[in-house]
Amino acid sequence: MTGNIVARRYAKALFAVAQAQSDKGAMAKYGDDLARLAGLLGNAPELTKIFRNPIFGVEEKRGVIIKILDKVAPCAMVRNFCLLLADKNRLSFLPEINASYGTLLDSAQGVLRGKLVTAVKLSDVVQKNVVDKLQRESGQQVVLDYEVDQEIIGGLMLKIGDKILDASIRAQLQILKENIKRGE
């Protein structure tokens, strides 16, 4: 819980700096650079362990992040931001900061992200029709991740933000089962 609060605060701070820039692409550029860094940490969990380990001092962690930054080559602001995180011993929060920043960026750009789960793989045409319908209904750009889960039997489950639409046969059978138990 504390980590989420810390991550949101740092993400909001970086986002505020990006908004204040005269370059309108700064928000997206910072987001891309953060995503690359977070992806690198996700692919090398031993780096995250180093950043969380209290045995390593701030200077050692700073040295590690400098080598990473030299390879990734982010913009100067993101580089300085990461060095600030190193100085404050907050580098382990970088993946959470990236996620929070992405949420802020999506909100500013009017993008809704979600996940559509179906029992069978949908064709590209059907996927596009679903996205188009959701965009018309919401008035925002919709980006969906698609997943196949045969355990839902049929129908679909749609999750966008904190809203879930469960129109799966599995859910309907569960409701029917509860109704039978109650004698309805």
Side-chain angles (χ1 to χ4, degrees), residues 1 3-44 48 68-69 72-82 84-85 90 93-172:
M1 180 83 150
N4 289 337
I5 293 169
V6 169
R8 280 196 306 266
R9 283 186 181 163
Y10 278 98
K12 282 181 185 178
L14 183 62
F15 193 76
V17 169
Q19 283 181 316
Q21 299 289 320
S22 58
D23 178 16
K24 295 299 178 193
M27 290 187 301
K29 174 71 173 136
Y30 293 1
D32 291 342
D33 289 348
L34 272 179
R36 282 189 296 147
L37 285 164
L40 184 76
L41 292 178
N43 291 335
T48 305
I68 293 170
L69 292 170
V72 175
C75 66
M77 185 60 69
V78 172
R79 181 181 181 85
N80 291 338
F81 179 74
C82 289
L84 172 72
L85 292 176
R90 301 285 197 210
F93 294 112
L94 199 55
E96 291 92 353
I97 292 169
N98 175 53
S100 293
Y101 189 92
T103 302
L104 292 169
L105 185 60
D106 284 347
S107 177
Q109 294 177 338
V111 174
L112 291 175
R113 293 195 184 272
K115 182 166 85 169
L116 181 66
V117 180
T118 57
V120 296
K121 183 169 178 10
L122 299 177
S123 69
D124 292 340
V125 172
V126 173
Q127 288 178 3
K128 184 177 179 341
N129 288 341
V130 169
V131 168
D132 290 344
K133 173 89 171 157
L134 290 171
Q135 287 180 161
R136 279 194 307 274
E137 293 293 324
S138 68
Q140 294 181 297
Q141 180 183 354
V142 176
V143 177
L144 290 179
D145 292 328
Y146 299 95
E147 184 179 311
V148 175
D149 181 2
Q150 294 177 347
E151 290 185 17
I152 69 169
I153 303 171
L156 60 88
M157 288 175 35
L158 177 65
K159 179 179 181 194
I160 295 182
D162 60 351
K163 295 182 174 129
I164 298 175
L165 168 68
D166 191 349
S168 66
I169 292 181
R170 178 178 64 187
Q172 293 173 10

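All values derive from a computational prediction rather than experimental measurement.
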Residue pair Phe15 / Leu104: nearest heavy atoms and the distance that separates them: CZ-O, 3.6 Å
Reported CD-to-CG distance for the pair Gln19 and Leu14, which is rounded to 0.5 angstrom: 10.5 Å
CA sep, side-chain torsions, deciding dist, call: Ile164, Leu158, side chain to side chain contact (heavy atoms under 4.5 Å, CB included): CA-CA 6 Å; Ile164 298 175; Leu158 177 65; over 6 Å; no
Closest non-hydrogen atom pair, Ala38 against Pro95: CB-CA, 4.1 Å
Smallest separation among heavy atoms of Leu37 and Cys82, with atom names: CD1-SG, 3.5 Å
Leu94 side, atom CG; Leu34 side, atom CG - distance, nearest 0.5 Å: 6.0 Å
Verdict with reasoning, Leu85 to Ile97, per side chain to side chain contact (heavy atoms under 4.5 Å, CB included): CA-CA 10 Å; Leu85 292 176; Ile97 292 169; 3.8 Å; yes
Tyr30 and Gln21: CA distance, side-chain angles, deciding distance, side chain to side chain contact (heavy atoms under 4.5 Å, CB included) verdict: CA-CA 11 Å; Tyr30 293 1; Gln21 299 289 320; 3.6 Å; yes
Side chains of Arg90 and Val6 in contact at under 4.5 Å (non-hydrogen atoms): yes
Contact check, side chains of Val120 and Val148, non-hydrogen atoms, under 4.5 Å: no
Leu40 side chain reached by Val72 side chain, heavy atoms, under 4.5 Å: yes
CG on Asp132 to CD on Gln127, rounded to 0.5 Å: 11.5 Å
Donor-acceptor pair, side chain of Ser138 and main chain of Leu134, under 3.5 angstrom: yes
Asn98 side chain vs Ala35 backbone, donor-acceptor pair below 3.5 Å: yes
Residues Asp32 and Lys29 bridged, charged N to O under 4.0 Å: no
Side chain Tyr101, main chain Met27, donor-acceptor under 3.5 Å: yes
Worked verdict on Val131 versus Lys133 for side chain to side chain contact (heavy atoms under 4.5 Å, CB included): CA-CA 5 Å; Val131 168; Lys133 173 89 171 157; over 6 Å; no
Between CG on residue Leu116 and CG on residue Asp145, distance to nearest 0.5 Å: 10.0 Å
Spacing of Leu165 atom CG and Leu156 atom CG [to the nearest 0.5 Å]: 6.0 Å
Exceeds 12 heavy-atom contacts within 6.0 angstrom, atom NZ of Lys159: no
Heavy-atom side-chain contact between Ser168 and Ile153 under 4.5 Å: no
Nearest atoms (heavy-atom pairs only) where Gln135 meets Gln140: CG-O, 3.3 Å
Value rounded to 0.5 Å, distance of CG in Asn4 from CZ in Arg9: 12.0 Å
Closest non-hydrogen atom pair between Arg170 and Asp149, with its separation: NH1-OD2, 4.3 Å
Salt-bridge contact Asp124-Lys128 (side-chain N to carboxylate O under 4.0 Å): no
Val17 side chain near Met77 side chain, heavy-atom distance below 4.5 Å: yes
Heavy-atom pair with the smallest gap, counting every atom of Thr118 and Leu122: CG2-CD1, 3.8 Å
